[in-house]
2 protein chains.
Amino acid sequence: MRQIKHPTIEQVELTDIMYALADPTRLEIVARLAKAGRKMTCGEFDLNRPKSSMSHHFKILRSAGLVETVIDGTEHMNSLRIEEIERKYPGVLQSVLKATTAIDFDIFRQPPR
Amino acid sequence: MRQIKHPTIEQVELTDIMYALADPTRLEIVARLAKAGRKMTCGEFDLNRPKSSMSHHFKILRSAGLVETVIDGTEHMNSLRIEEIERKYPGVLQSVLKATTAIDFDIFRQPPR
DNA sequence: CCTATAGTTCGATTATATTCGAACAACAGA
DNA sequence: TCTGTTGTTCGAATATAATCGAACTATAGG
């Protein structure tokens, strides 16, 4: 598989988005992507979880139309499909992202030893 | 139990709201409450489901801080806590509701016989 | 080629949600 | 006080999701 298949924005349902964003891990991934404002590899999010779990969450984010993944060598570069989502569901992603900036997500921090 | 306990707006987490709205049945309930713009009893939403299921969904909507239920005689009057939610998470509920107005939710329609 | 790297897929386990009938509680009206 | 109405609670079945190790794929670089 050369590149990964993504749904078109027409295929993206609101409930897909809500479901994808309802999981704290995925909400954190989306929030970090937005904050970074650039493409990020899966490995860059060190959420203290095995890569099979991360891969699972990215798969759901892709199928919800929230994330686009471009394969570049061995790395998978992820970015938010924020313009498309905003066009179809104005304000949804924007307001949720705004609401997340105040949140700490300290559950993902590595416990100090 | 005279009246039902609700969380304060301070206790309401964004993930609670996202989780509550991720279920199509609950999203439909919230959308209808918003569209009606008035208090509605649980029985008014005929979503073709037994009342124990409806009660379950209302319980989750209440615990997410989305719905307030006031007991009036034998009826339970439900309303959206939209002002409070908007103050804490501006745009979230508003944009989601706007996005739902275009949706049909025909899965809830009683099949014609 | 060989090896390391980045992610995916598979399969099994565990956890969490949904669903709904039945029993229950609170209340109104006769 | 009896009866119907409205909704909650309980408990069990079923469905869906999250988790993660292990095996696998594709690619880059020597």
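Since this is a predicted model, take the numbers as computed values, not measurements. Letters go in sequence order (proteins before strands), and every chain restarts at 1.
- Nearest-nucleotide positions on DNA chain D for A/G73 and A/H57 put A/H57 closer to the 5' end.
- Judged by distance alone, with hydrogens and angles left aside, B/T74 brings no side-chain donor or acceptor close enough to the base of D/dG7 to form a pair under 3.5 Å.
- When the nucleotides C/dA17, D/dT9, C/dC27 are ranked by their closest atom to the side chain of B/Y19, C/dA17 comes out on top.
- Regarding contacts with the backbone of D/dA18, a side-chain N or O of A/R26 is found under 4.0 angstrom from either OP1 or OP2.
- The backbone N or O of B/K51 lies less than 3.5 Å from no partner atom in the side chain of B/S55, so there is not a single donor-acceptor pair.
- A donor-acceptor contact shorter than 3.5 Å is absent between the side chain of A/E84 and the backbone of A/R81.
- If you take NE2 of A/H76 and P of C/dT9, they are 9 Å apart, rounded to a whole angstrom.
- Map A/K59 and A/E75 each onto its nearest nucleotide of DNA chain C; the residue landing nearer the 5' end is A/E75.
- Taking atom CE on B/M54 and atom C1' on C/dG21, their separation rounds to 17 Å, with Å as the unit.
- Across all strands shown, A/H56 has heavy atoms under 4.0 Å from base atoms, whether or not it also approaches the sugar-phosphate.
- Listed nucleotides: D/dT8, D/dG7, C/dG7. Nearest to the side chain of B/T41: D/dG7.
- In this structure, the ring of B/Y19 has its center no less than 6.0 angstrom from the ring center of A/Y19.
- Mapping A/S53 and A/D72 onto DNA chain D by nearest heavy atom places A/S53 at the nucleotide closer to the 5' end.
- Residue A/R49 contributes atom CZ, which lies 11 Å from atom P of D/dA18 at whole-angstrom precision.
- Rounded to whole angstrom, the span from the NZ atom of B/K51 across to the C1' atom of C/dA22 amounts to 10 Å.
- A distance of 5.0 Å separates CG in B/L66 from CG in B/L21, rounded to the nearest 0.5 Å.
- Atoms NZ (A/K39) and C1' (C/dA6) sit 17 Å apart, rounded to a whole Å.
- Side-chain to base pairing of B/S52 with C/dG21: one donor and one acceptor N or O lie within less than 3.5 Å of each other.
- Side-chain contact annotation: B/R26 with B/H57, donor-acceptor N/O pair under 3.5 Å present.
- Rounded to an integer number of Å, the gap from B/K5 NZ to D/dG7 C1' is 20 Å.
- Summarising the geometry, the separation between CG on A/D46 and P on C/dG7 is reported as 12 Å, rounded to the nearest angstrom.
- Taking atom CZ of residue A/F45 and atom C1' of nucleotide C/dA6, one finds them 14 Å apart after rounding to whole Å.
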